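Please read the structure below before turning to the comments.
What you see is a predicted model, and the numbers here were worked out from it, not measured in a lab. Convention: sequence-line order gives letters A, B, ...; per-chain numbering from 1.
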2 protein chains.
Amino acid sequence: MLTLELPPGTALSENELATALQVSRTPVRESLILLAEEGLVQVFPQIGSFVSRVDPAQVADAQFLREAVELAALEDLPGELDAGVVARLRANLDEQAVADLDREAFFALDEAFHQGVLELSGHGRTWSTVLSAKGHLDRARRLGLSGTETQAQRIAEHGEVLSAVLDGDVERARAAMRVHLRAVFDDVERIQQRSPELFAGPSTAGPVRRNVVIWA
Amino acid sequence: MLTLELPPGTALSENELATALQVSRTPVRESLILLAEEGLVQVFPQIGSFVSRVDPAQVADAQFLREAVELAALEDLPGELDAGVVARLRANLDEQAVADLDREAFFALDEAFHQGVLELSGHGRTWSTVLSAKGHLDRARRLGLSGTETQAQRIAEHGEVLSAVLDGDVERARAAMRVHLRAVFDDVERIQQRSPELFAGPSTAGPVRRNVVIWA
DNA sequence: CTTCCAGTACTGCCATACAAGCAGGTGTCG
DNA sequence: CGACACCTGCTTGTATGGCAGTACTGGAAG
């Protein structure tokens, strides 16, 4: 597995990437297709490929989808929770409490926490779908270094969610989750105000034309 | 645009498809990658590619996601509805009422209706995400020729949803939508009982390995 | 100095050729 | 007759060459 991290707006050349990664253009191209499908890369035929700027509209879409799914999942919580998953969630919260957690580590824990909550209600597999739509949102979150104080706030919110879940209080859990997700969304908006150059203007998303489609 | 319809379980050969479609392997391969991403095709390196059988688990996932999104959207209905979209929805219902509607035509109208409802609440763009996750569910629906009587039933449910939406009664709209989506899901289960060979056993989904990943 | 035009160099796209690996049939040996 | 080993044919994965189209740059004309 090879990873490359590039700032939004960067021009990507299949040739450059191929030589840089020491592979041919074919696998590079196939990766770009997948990234374009997720909306992380924009491909303009005969012009070039670019790391797409964060699209506020897509961020809002992802936020809506995520909120809908995670709140709906909480309604499907079973009477008896899976002990293993619960233990993992507790351990996750403990790790989050560690003082000096770098952004990436916190991000990973955050992801695992939300996925775990989904698993509790038996909808863990849906997480991958949410993920693929969440690209823009996550990039926005990653870009802004949320200060330690807001990080502590998010951790507290996680705790509140889990607490309500363990109490079996669905309504409280939903309310807490809603508050939490909205707060994350507000973080993103703050980032946008501070670093507008990373975000795109209105409606830059171009449709992706595909010539050959095989339909099963 | 080229479409091909193949029954689940069919072995796909990139070469065969290429010759059949009169193109080279490259575009075929790129399409297969996208289909694999949606879970409609399974690719086993050095073995072959196959039209994946309908996975009941993924159908359930799609149902959950769809229900979550569409119900959540109804909560975001604005006070004043977009007149153009409303007109389109009315026209759509009228078309659905046509007596002898073949399955494919009804399917298209059904899709457009649900997308329209999402647009009313300003979340029309989310539909594409739902779509990409809905592949298994749609295939299942397509496979079974839902009799005209159930089709009439679905149309009536659509009418009820739109009626409640126009009345501004969010709760009634949500209830109607929930009933409708559950009914569709039940249709699928009936199909599975009648044609189990089109469905997969438990957990046939294989992970997709990707060698080169560029991360924006 | 400005403007227009043509040439060049780049892009992504498609077709083709090669490499690696698995499955199954077949021949041979015990 | 049975079991094992090889070998052929197929698969997907990767590399490469050539094609069509766009953007940029340099020079010439007004």
Side-chain angles (χ1 to χ4, degrees), chain A residues 1-4 6-53 55 135 200-201 203-216, chain B residues 1-4 6-53 55 135 200-201 203-216:
Chain A
M1 176 84 92
L2 244 166
T3 68
L4 240 175
L6 299 169
T10 311
L12 297 174
S13 156
E14 292 185 358
N15 278 316
E16 282 183 26
L17 288 173
T19 59
L21 297 176
Q22 297 280 15
V23 293
S24 112
R25 294 207 316 273
T26 309
V28 169
R29 182 177 169 68
E30 293 177 352
S31 292
L32 285 182
I33 288 177
L34 288 178
L35 289 171
E37 189 71 2
E38 290 187 26
L40 299 178
V41 166
Q42 287 179 294
V43 178
F44 300 94
Q46 275 71 22
I47 297 180
S49 304
F50 305 88
V51 178
S52 62
R53 296 178 193 277
D55 182 353
S203 77
T204 55
V208 177
R209 291 174 305 143
R210 181 135 294 277
N211 301 336
V212 180
V213 174
I214 305 163
W215 195 0
Chain B
M1 177 83 91
L2 244 168
T3 68
L4 239 175
L6 299 169
T10 312
L12 296 174
S13 157
E14 294 183 356
N15 278 317
E16 282 184 26
L17 288 173
T19 58
L21 298 175
Q22 297 279 15
V23 293
S24 117
R25 261 187 63 204
T26 310
V28 169
R29 184 177 166 70
E30 293 174 355
S31 292
L32 284 182
I33 288 177
L34 289 178
L35 289 171
E37 189 71 3
E38 290 186 26
L40 298 179
V41 166
Q42 288 179 293
V43 177
F44 300 95
Q46 274 72 21
I47 296 179
S49 304
F50 305 87
V51 178
S52 61
R53 296 179 192 277
D55 182 354
S203 77
T204 55
V208 178
R209 290 173 306 143
R210 181 135 293 278
N211 301 335
V212 179
V213 174
I214 306 162
W215 195 2

Checklist entry - Is the side chain of A:Thr10 donor-acceptor paired with the backbone N or O of A:Leu6 at a distance under 3.5 Å, no angle test? => result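 Not a single qualifying donor-acceptor pair exists.
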
Item to check | Any donor-acceptor pair under 3.5 Å from B:Ser52 side chain to B:Leu40 backbone | outcome: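 Present.
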
Distance in angstrom units between [X] [atom1] and [N] [atom2], rounded:
X       : N      : atom1 : atom2 : value
A:Phe50 : C:dC10 : CZ    : C1'   : 12 Å
B:Glu14 : C:dA15 : CD    : P     : 14 Å
B:Ile33 : C:dC14 : CD1   : P     : 13 Å
A:Ile47 : C:dA9  : CD1   : C1'   : 15 Å
A:Glu16 : C:dA9  : CD    : C1'   : 14 Å
B:Leu32 : D:dG13 : CG    : P     : 9 Å
A:Glu30 : D:dT12 : CD    : P     : 12 Å
A:Phe44 : D:dA23 : CZ    : P     : 11 Å

Item to check | B:Glu14 versus B:Leu32, closest heavy-atom pair with distance | outcome: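 Closest heavy-atom pair between B:Glu14 and B:Leu32: CG-CD1, 3.7 Å.
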
Checklist entry - What are the two closest non-hydrogen atoms of A:Val43 and A:Ser49, and how far apart are they? => result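 Minimum heavy-atom separation between A:Val43 and A:Ser49: CG2-OG, 3.7 Å.
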
Checklist entry - Is the shortest heavy-atom distance from the side chain of B:Arg29 to the side chain of A:Glu30 under 4.5 Å? => result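 Side chain of B:Arg29 against side chain of A:Glu30, heavy atoms only: contact under 4.5 Å found.
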
Distance below 4.0 Å between [X] side-chain N/O and [N] OP1 or OP2:
X       : N      : answer
A:Asn15 : C:dT11 : yes
A:Arg29 : C:dC13 : yes
B:Ser13 : D:dT11 : yes
A:Ser24 : D:dT14 : no
A:Ser49 : C:dG12 : yes

Checklist entry - Nearest to the side chain of A:Arg25, which nucleotide is it out of C:dA15, C:dC13, D:dT12? => result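 Output: C:dC13.
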
Item to check | Quiz item: B:Gln46 side-chain donor-acceptor pair to D:dT11 base, under 3.5 Å | outcome: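 No pair found.
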
